[in-house]
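Presented below is the structure to which this report refers.
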Amino acid sequence: MHQLGRAACVLFIAVIAALGCGGPHPHETEEPSLLLVESGRANFERYCVSCHGTGGRGDGPVAGSLTPPPADLTRIAARRGGVFPAAEIAAYVDGRTDVSAHGSRSMPVWGRRFGAPIAPDSTAEEAVRGHLLVLVEYLKTLQRE
Ligand code: HEC
């Protein structure tokens, strides 16, 4: 009986230790998303500002020559009743499945561009997904009413 109690006690301590040390620390859960957003910002500055502007409002240097004009990316959610549809936006930016549906579009087909420098295998597809993921995380932070 005494032995059993001891075993249960050891087990209990092991569980507490696992929960206490193995679980994510509060400050660590914030970091990955911050990294994604920072990476997304770098992508945005490199690929998107010429049309959408540094603040994403659709007022980049070449915006004036485009019909339709570049979308205001700070109001993606506002245009959809406050909902930010991450998967839909990623697919739109990707553009590879969208081209025929909307006829011509002034926006480059980013899914093709991001994959282009890499041989067309699964690695290229992962690179495309990585770009889209961080860009969408960044776009979320730009949303306003
Ligand atoms: C050559 C100009 C140009 C560049 C560069 C560009 N876009 Fe666009 N974007 C547009 C135009 C124009 C539209 C409006 C619809 C259309 O014609 O495709 C648009 C629309 C969008 C939309 C749709 C918004 C909505 O509410 O549906 C998103 C999202 C978007 N762009 C994201 C991006 C991202 C992210 C990048 C950088 C990777 C980027 N754009 C680079 C021109 C551009």
Side-chain angles (χ1 to χ4, degrees), residues 6-145:
R6 223 182 112 99
C9 185
V10 169
L11 189 72
F12 181 72
I13 288 167
V15 168
I16 294 294
L19 286 176
C21 308
H25 291 248
H27 62 275
E28 280 174 5
T29 57
E30 293 300 317
E31 270 171 39
S33 75
L34 239 175
L35 281 175
L36 294 183
V37 170
E38 282 312 309
S39 174
R41 184 200 307 278
N43 269 265
F44 190 83
E45 279 164 8
R46 178 159 182 193
Y47 301 111
C48 319
V49 296
S50 57
C51 292
H52 291 283
T54 43
R57 297 196 180 207
D59 55 359
V62 306
S65 61
L66 295 172
T67 323
D72 179 349
L73 300 181
T74 68
R75 307 202 77 244
I76 292 173
R79 279 192 292 274
R80 292 162 173 85
V83 177
F84 188 99
E88 182 195 317
I89 295 303
Y92 185 81
V93 176
D94 181 333
R96 287 173 297 176
T97 57
D98 195 54
V99 182
S100 54
H102 292 99
S104 66
R105 72 175 206 171
S106 340
M107 170 118 133
V109 177
W110 292 106
R112 218 170 277 147
R113 297 242 184 138
F114 292 146
I118 306 164
D121 58 14
S122 61
T123 319
E125 198 50 42
E126 279 171 32
V128 171
R129 287 181 185 283
H131 279 288
L132 295 175
L133 173 79
V134 295
L135 279 164
V136 165
E137 285 306 309
Y138 179 63
L139 291 179
K140 283 184 193 167
T141 69
L142 296 182
Q143 300 312 300
R144 63 187 169 101
E145 293 288 301

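Note that the structure is predicted; figures quoted are calculated from it, not measured. When a ligand or atom number is given, it counts from 1 through the structure's own listing order.
- Heavy-atom proximity to atom 18 (O) of ligand 1, evaluated over Tyr138, Phe84, Trp110, Tyr92, is greatest for Tyr92.
- Nearest approach of Leu142 to Leu73, heavy atoms of both residues: CB-O, 4.4 Å.
- Using a 4.0 Å cut-off to heavy atoms of Leu66, the atoms of ligand 1 that qualify are 2 (C).
- Rounding to the nearest 0.5 Å places CD1 of Ile76 at 4.5 Å from CG of Leu139.
- Proximity to Leu135 (heavy-atom distance under 4.0 Å) selects the following atoms of ligand 1: 38 (C).
- Short contacts between ligand 1 and Ser50, defined as distances under 4.0 Å to a heavy atom of the residue, involve ligand atoms 5 (C).
- Under the 4.5 Å side-chain criterion, counting only non-hydrogen atoms from C-beta, Arg96 is in contact with Val128.
- Within ligand 1, the atoms closer than 4.0 Å to a non-hydrogen atom of Ser106 are 1 (C), 12 (C), 17 (O), numbered from 1 in the order shown.
- Separating the CH2 atom in Trp110 from the CG atom in Leu132 is a distance of 11.0 Å, to the nearest 0.5 Å.
- Within the 3.5 Å criterion, the main-chain N or O of Ala77 finds a donor-acceptor partner in the side chain of Gln143.
- The shortest distance between side-chain heavy atoms of Arg144 and Asp72 falls below 4.5 Å.
- Residue-ligand proximity, Pro68 to ligand 1, at heavy-atom distances under 4.0 Å covers atoms 12 (C), 17 (O).
- For Arg80, every heavy-atom contact with ligand 1 shorter than 4.0 Å involves the side chain, none the backbone.
- The heavy-atom pair separating Lys140 from Ala86 by the smallest distance is CE-CB, 4.2 Å.
- Counting heavy atoms from C-beta outward, Leu135 and Phe114 have side chains that approach closer than 4.5 Å.
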task = Just do the side-chain contact (heavy atoms from CB on, under 4.5 Å) check on Phe44 and Val134 with the steps written out, would you?
result = CA-CA 9 Å; Phe44 190 83; Val134 295; over 6 Å; no
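- For the pair Glu126 and Arg129, the salt-bridge criterion is not met [side-chain N within less than 4.0 Å of a carboxylate O].
- Protein N/O/S atoms closer than 2.8 Å to atom 8 (Fe) of ligand 1: His52 NE2, Met107 SD.
- Those atoms of ligand 1 with a heavy atom of Arg79 less than 4.0 angstrom away are 24 (C), 25 (C), 26 (O).
- In the vicinity of Ile89, heavy-atom distances shorter than 4.0 Å reach the ligand 1 atoms 29 (C).
- For atom 5 (C) of ligand 1, the nearest non-hydrogen atom of the protein is Tyr47 O, 3.4 Å.
- Between Arg105 and ligand 1, not a single N/O pair is under 3.5 Å apart.
- Counting heavy atoms under 4.0 Å from ligand 1, residue Pro69 touches it through the backbone alone.
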N/O donor to acceptor pairs below 3.5 angstrom from side-chain atoms of residues 46-67, sequence neighbours left out:
from, atom 1, to, atom 2, distance (Å)
His52, ND1, Ala71, O, 2.9
Ser65, OG, Val62, O, 2.8

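- The shortest distance between side-chain heavy atoms of Arg113 and His131 does not fall below 4.5 Å.
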